[in-house]
Amino acid sequence: MSADVMIRPGTRVVPDGARRRKRRDPGRVLRLYVPLGMYLVFTLVPFYWMLVFALRPAGSTDPVPWPITFEHFETVWNDIGYAVFFKNSVIVGVWSLLVTTVIAVMGGYALSRYRFRGRGLFMVVLLCTQFIPGAMMLIPLFSIFKSLGLINSLAGLVVADTVFNLPLSIILMSGFISAVPFTVEEAAMVDGCTRFRGFLAIVLPQLRPGLIAVGSFAFIHTWNNFLFALMFVSKQDSFTIPVGLSYTIGEYSADFEALAAGGVVAALPVVCVFAVVQRYLVHGISAGAVKG
Amino acid sequence: MTTMRRRAVPYLLISPTVALIAAFLVYPIASVAYYSLQHRNLTRPWADGFAGLDNFRQMLFEDEVFWHSLGFTAKWVVAEIGLQLILGLGLALIVNESFIGRGLARSLVFSPWAVSGVLTTGIWILLYTPSTGVLRFLGQPEAAVLGNPDTVFPAVVVTELWRGVPFFAILLLAGLQGIPGELYEAAAVDGAGRIRRFLHVTLPHLRDAIVLATLLRGVWEFNNVDLLYTLTGGGPAQVTTTLPLYVAQRAVDSKDFGYGSALTMAGFVILLFCSILYLRLSRFGEER
């Protein structure tokens, strides 16, 4: 069992030889595809059911949405006000994404590249924030935002969401930055680049997966945040999608078509973003976890 | 001068984070402690004032909802974490194998993670409502699952599993990818079967990932308010009210900030105590 006879498959858990052998293994179907299929049904039936309601004509009870109609989307978009909610959610989501990413790159760079006094404490504080419940911060944050005039403003939501996105984003980002070898940066500095120029020219381009992972993470969280938006915003023209949706659940509980169409509007952006960035996210968590 | 400036760089880089955390996390926590000793209700400003331990006395000795919410919170967290661990580990092991269409399969099974608690409620209301839901295709009697105290618990647990399992699986998948393939080769050479490889290679290496995932998810499920707030509102008859949901109801609905802060303090203490106990008992991060 010496190291030199072993294949080095990198981080892949199943080496090529074992894979070829497993293809012919009939137990693989039972072990792999049957549970996967069952889980896919559990995951996808709810999505499908929402689409059925959103797309079929009112009053229909068919389990297949045919003929397809977009009238429910017109209702929620124009009459219930999802056009406004959507716009608000995009504004808050994009701002929070930008602010979170920039600050996370700064903090992540400090954690990854510098050994400074208080670094350990900073890490502990970041980890501790994960234990702070958003619901429990509603009361004090409301008072603070009220005195800052941030109630009923989208800026207040950007601030609150950024604060809660930041700690995990910094930890993730420091993992990504550590994966970029420091020697390349050093070489640039020897060639006369300032540290900042070197960072922009050398590190930032290689940081793309990290920027995508952290940015999308921040966007999805902000897009989905309900409690802050519910508590800090009471004017309907500042509602975000989750608040709008919660009122659709409450007020139109008989109108399942509107609920479903609103749900599709709420789901579409995040599910699309997630489908694209899912692999970066898994990678990012491993990178962050490896660094500790 | 230059060395001093160089030393200041990391502090400058973390200063925005420190400022934001201090202003919007640390200061608020301190103010919760302060409010919890006050009578403070936005709907009754004339009765505001120093309360001493009155809020805590009321909470501990007069408030049945508080005690009931503690019991339900425990039941909710244990059920969610136990089931999410089993399903999430299974799912992570499956999508860690290589097969055709793995990328697509991962995107699909992980996708509910990206969905908000409110949207999860919206979707599952469509499934659960007697006249329109899918349960009628399973021969389920035409009963309101969410309105019945006997069926509401499994119904909310399954709903949260739909959204919660994916992230558990993502965390564990990240852990699985950190296990060197050589270990499996070596175990196979030594004649270990699939089950023994799982027990002796996979599980020990996943230990820290599992502890961290259960802890993180445990805290999240403890704090999970969006889903229960919109799906059941804590009902029927408060049977699905968790402690944070009770805080949110007090804060959002009745604007009772003083009493809500006392409840919040109770939540902090319980969460902190349970987390430390869990980390101790699981001996997280210790060399074995």
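A note on names: the letters A, B, ... follow the listed sequences, proteins ahead of strands, and every chain is numbered from 1.
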Checking [X] against chain B: side chain, backbone, both or neither under 4.5 Å from a heavy atom?
{"X": "A/Val243", "answer": "neither"}
{"X": "A/Leu166", "answer": "side chain"}
{"X": "A/Met50", "answer": "both"}
{"X": "A/Ile170", "answer": "side chain"}
{"X": "A/Leu36", "answer": "both"}
{"X": "A/Leu268", "answer": "neither"}
{"X": "A/Ile144", "answer": "side chain"}
{"X": "A/Arg117", "answer": "both"}

Could you check which of [options] has the highest count of heavy-atom pairs closer than 4.5 Å to chain A?
{"options": "B/Trp162, B/Trp124, B/Trp113, B/Phe110", "answer": "B/Trp162"}
{"options": "B/Gly267, B/Ser111, B/Gly233, B/Ser31", "answer": "B/Ser111"}
{"options": "B/Leu263, B/Asn224, B/Leu93, B/Val165", "answer": "B/Val165"}

Exercise for the section: Cation-pi check, A/Arg56 to A/Phe53: give yes when NZ or CZ is under 6.0 Å from the six-membered ring centre and within 45° of the ring axis, no otherwise. Expected result: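 Yes, cation above the ring, under 6.0 Å and within 45°.
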Practice task
Can you measure from OG1 (A/Thr240) to CG (A/Asn225) and round to the nearest 0.5 angstrom?
Solution key: 8.0 Å
Handout entry: Side chain / backbone / both / neither for B/Leu25 at chain A, heavy atoms under 4.5 Å
Key =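 Interface part for B/Leu25: both.
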Handout entry: Atom group of B/Val26 that falls short of 4.5 Å from chain A, counting heavy atoms
Key = neither
Practice task
Just jot down the side chain to side chain donor-acceptor pair (under 3.5 Å) partners of A/Arg113, sequence neighbours excluded, or say none.
Solution key: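 Once residues adjacent in sequence are excluded, the partners of A/Arg113 under the side chain to side chain donor-acceptor pair (under 3.5 Å) criterion are A/Glu185.
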Practice task
Could you note down all residue pairs passing ring pair (Phe, Tyr, Trp, His ring centres under 6.0 Å) where residues 11-30 of chain B supplies at least one of them, sequence neighbours left out?
Solution key: A/Phe116-B/Tyr11, A/Phe145-B/Phe24
Problem - More than 12 heavy atoms from other groups under 6.0 Å of OH on B/Tyr34 - result: no
